[in-house]
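Pasting a structure here, questions to come.
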Amino acid sequence: MATRSSRSTTKKRKPSAKRTKSAKKPSAAQTVPTIPPGQRVWLLELPWGGLGGGTPAGVTYYKSLTAHAYVGTALPSPLEPYASKPYSYLRWLEDELNGSEGPGATAAPMTLRPEQHADVDAIVAAEQREFRQVHLANDVGTGKTLVAVAAAKAIANMRGARTILVTVDRPARITIPSWRRTIAALGDEDLCDDDRCDDDLRWIIMSSDSLGKLMARNGRPRLKVDVAVIDEAHQFRHASKRTSYMRRLIRMDSPHDTAPFVLTITATPGHHPGEWGYLSSLYAQVHGDPPAAWSDFGRALAERGVPLETSYGKWTWTAEAKESLPMQQAAISDVRDILLRHDPPLMLTRSAPWGPPPFDVDLVELTPDQWRAYELEWGDFQREMQLARTGNNIARGLAALVRLRQKASMIRVEHTVAAAKVELERGYQVLIATEMVSTAAHPVAELLEADGIPVARIYGANPQAESERIRFQRGEAPVVVFNTPTAINLQAREQFADGTFATDTPRRGFFHQARYSGLLAEQTMGRAHRNHQVCAWSLLAAAGTIEERAGTVMLSRLIASATSTDADSSTFAEVARVFGIDWIPAVRVADELG
């Protein structure tokens with residue numbers, strides 16, 4: 001017993017003694033960099049593991065900042081590529097530490113078109129009437145980014161505010177530089193009516209996947225947002241960690257008169273109104289309710305007669321509505337019009353003056369040998385197609401359906417490549433949209449390059465996505481294979497930051513794989529059909545296979561998505577007849593109102 005007691009006493013004292021001798025509370029100097037007079041701190045975005053496997057001389061990592069820092073009179077040239085970028089959160093922290101702002105971004109100047117000025121005026125008018133939010137749902141490619149930057153600047157200056165948060169979708173290597181260029185390009189545009197207007201604003205552009213960096217350990221935002229621009233807002237349509245962060249950052253549950261002004265942006269709000277939860281506080285305000293009454297947005301709509309029900313924790317159409325596209329369209333229109341017909345309008349839905357993208361479907365008849373391959377067991381199919389074997393080769397349910405799609409799309413690679421070659425010979429640059437990589441994007445790109453055709457690849461975890469995009473835009477690669485449906489520009493005549501332009505060669509698009517999501521399908525077409533540049537699209541699918549069924553789902557959801565924003569869906573009429581889809585060619589509210 002004595003031995004056991006002695007041993008126990010030693011265990012209790014030893015750790016305590018060590019903590020007393022070695023544990024030191026970090027001083028303020030260790031928590032953040034000390035900046036001597038005449039010097040400056042630079043926060044750095046160093047790669048994981050540092051440079052050359054270590055941390056460069058003079059660079060220190062600060063855990064409280066989750067960043068490396070260099071202090072001196074000038075940043076050494078080897079570290080310049082890793083300096084914080086204008087309008088990044090890292091730059092915001094750096095400016096806070098230095099007490100002065102670093103250099104901003106530069107870009108060739110841009111000006112607003114008359115219709116864009118009208119949209120800015122409409123957004124400002126809603127803010128002046130003390131509405132907390134406006135939803136910008138103009139057609140893809142109509143210049144919503146420029147409208148958003150101009151409106152945010154005007155409203156921030158009206159409010160005497162400084163901090164503007166912009167959230168963007170992936171891929172961040174493309175979307176963040178695009179927004180940075182637009183903010184810089186608008187620069188000196190006069191957007192205010194009085195002397196209060198200045199450009200002393202602090203922009204923070206963040207990927208939606210990085211919003212957690214703006215949250216403190218207690219779950220509260222690290223900064224106070226005055227104006228927020230939520231781009232591609234449909235990415236917040238489901239309950240998720242990033243949606244929770246977004247709601248807290250823009251104080252969606254706060255009273256209407258204490259919340260920041262929010263501009264949400266997407267031409268594809270959701271597959272049904274239950275997915276418009278990022279508008280819940282605005283609907284609450286319109287109905288004169290506190291935000292909490294609409295926090296469960298789907299429930300609030302269902303209680304008001306919208307045909308929605310819960311399934312696996314998500315709101316979806318009722319069984320009856322699922323069987324009736326006209327019922328869906330009617331319900332979407334009712335919910336949409338609460339904002340669209342409001343005075344002032346709280347949803348803007350400007351149609352593209354160049355019209356919707358021409359769209360058709362090409363159902364490919366498989367040969368007997370291709371049908372045999374399609375019907376093979378997955379393991380046998382992998383061997384025949386020389387695919388790497390991964391995971392369990394026995395699949396049921398959803399996994400089996402995915403593998404059927406993989407088989408059909410890989411079997412049709414030669415057909416897609418042949419269609420692309422025809423369009424190249426006709427003088428087009430060609431876009432080929434896929435969803436999967438190993439059985440779609442990669443084999444299509446490989447076969448084209450085997451025929452001597454350069455291909456830009458924007459799929460998978462490609463760190464060179466932006467340089468690949470530029471290759472296509474400058475015509476160095478006449479074909480782009482991609483699975484990024486949002487926030488990249490592949491149109492003819494795009495203006496770059498240096499004032500030069502992309503090729504004026506017309507674009508032609510192919511869906512090598514149908515998207516089950518109408519939102520992603522519409523966004524995909526908008527990568528090249530934008531800003532007065534017309535790009536026709538074709539859906540390629542194997543007749544009689546799961547691809548044909550996927551095409552039916554995609555088209556139905558495209559029609560529902562168009563209804564959400566009062567868009568012209570007439571381009572889908574002929575294709576709807578091919579698939580036997582019952583739909584309503586709705587009269588646009590804008591036409592009805594003259």
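Along the sequence shown, residues are numbered consecutively beginning with 1.
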Pair Phe297 and Tyr283, ring centroids less than 6.0 Å apart:
yes
**Message:** Contact between Arg91 and Ile204 at the side-chain level, heavy atoms closer than 4.5 Å - yes or no?
**Reply:** no
- Query: Are Ser208 and Gln235 close enough, and set up right, to give a side chain to side chain donor-acceptor pair (under 3.5 Å), and what steps lead you there?
  - Reply: CA-CA 8 Å; Ser208 58; Gln235 64 187 307; 2.5 Å; yes
His512 vs Ser409 side-chain heavy atoms within contact, under 4.5 Å: yes
message = I'd like to know if Lys224 pairs up with Asp226 as an ion pair, taking the criterion as any Lys NZ or Arg NE/NH1/NH2 lying under 4.0 Å from an Asp or Glu carboxylate oxygen.
response = yes
With sequence neighbours left out, the residues meeting side chain to side chain donor-acceptor pair (under 3.5 Å) with Glu466 are Arg469
The residue among His271, Glu522, Arg557 that forms side-chain hydrogen bond (donor to acceptor under 3.5 Å, both in side chains) with Ser517 is His271
Q) Is a side-chain donor or acceptor of Arg507 paired with a backbone partner of Leu490 at a separation under 3.5 angstrom? A) yes
Treating Thr258 as the side-chain partner and Ser254 as the backbone partner, does any N or O pair qualify as donor plus acceptor under 3.5 Å? no
Here the ring pair (Phe, Tyr, Trp, His ring centres under 6.0 Å) pairs for residues 222-270, sequence neighbours left out, are none
Distance col, row Leu136:CG vs Lys144:NZ, nearest 0.5 angstrom, shows 6.5 Å
- Classify the angle between the aromatic ring planes of Trp354 and His532 as parallel (below 30°), tilted (30 to 60°) or perpendicular (above 60°). tilted
dist Trp92:CH2 -> Thr163:OG1 (nearest 0.5 Å) comes out at 6.5 Å
Note to self: Using the rule given for side chain to side chain donor-acceptor pair (under 3.5 Å), can you reason through Thr243 versus Ser240, listing the C-alpha separation, both sets of side-chain angles and the distance that settles it, and then say yes or no?
What the structure shows: CA-CA 5 Å; Thr243 297; Ser240 65; 3.0 Å; yes
Between the CZ atom in Arg493 and the CG atom in Asn531, the distance rounded to the nearest 0.5 Å is 10.5 Å
Sequence neighbours excluded, the answer for side chain to side chain donor-acceptor pair (under 3.5 Å) partners of Asp253 is Arg247
Rounding to 0.5 Å, atoms CD1 (Ile332) and CG (Asp566) come to a distance of 12.0 Å
Worksheet item: Would you call Met347 and Val134 a side-chain contact if the rule is heavy atoms closer than 4.5 Å?
Response: no
Applying side chain to side chain donor-acceptor pair (under 3.5 Å) to Glu547 and not counting sequence neighbours gives Arg412
To the nearest 0.5 Å, atom CG of Leu146 lies from atom OG1 of Thr111 at 8.0 Å
Check your understanding: Quick one: do Arg159 and Glu127 make a salt bridge, cutoff under 4.0 Å?
Key -> yes
Please list, one pair per line, the donor and acceptor atoms closer than 3.5 Å that link side chains of residues 310-319 to other protein atoms, with sequence neighbours excluded.
| residue | atom | partner | partner atom | Å |
| --- | --- | --- | --- | --- |
| Trp315 | NE1 | Asp296 | OD1 | 3.0 |
| Thr318 | OG1 | Ala321 | N | 3.3 |

### Task
May I ask you to test the Gln133-Leu279 pair for a side-chain heavy-atom distance under 4.5 Å?
yes
Is any side-chain heavy atom of Val480 closer than 4.5 Å to one of Ile432?
no
Q) Do the side chain of His342 and the main chain of Pro344 share a donor and acceptor less than 3.5 angstrom apart? A) yes
Note to self: side chain to side chain donor-acceptor pair (under 3.5 Å), that's the test. Do Gln513 and Glu435 meet it? Break it down for me.
What the structure shows: CA-CA 6 Å; Gln513 291 175 309; Glu435 183 175 357; over 6 Å; no
So the salt bridge (Lys or Arg N to Asp or Glu O under 4.0 Å) pairs with at least one residue in residues 167-181 (sequence neighbours excluded) are Arg170-Asp209
*Exercise: do Ser538 and Asp360 side chains pair donor with acceptor under 3.5 Å*: yes
Discussion item. Please determine whether the number of non-hydrogen atoms from other residues, nucleotides or ligands lying under 6.0 Å from atom CD of Glu320 exceeds 12.
Written reply: no
Is there a side-chain contact between Thr503 and Phe472 in this structure, where contact means two heavy atoms from C-beta onward sitting under 4.5 Å apart? no
Interatomic distance, CG@Asp121 vs CD@Gln116, rounded to 0.5 Å, equals 12.0 Å
Output yes when Asp119 and Arg350 qualify as a salt bridge under the 4.0 Å nitrogen-oxygen rule, no when they do not.
yes
Are Arg508 and Phe510 in a cation-pi contact, defined as NZ or CZ under 6.0 Å from the six-membered ring centre and within 45° of the axis?
yes
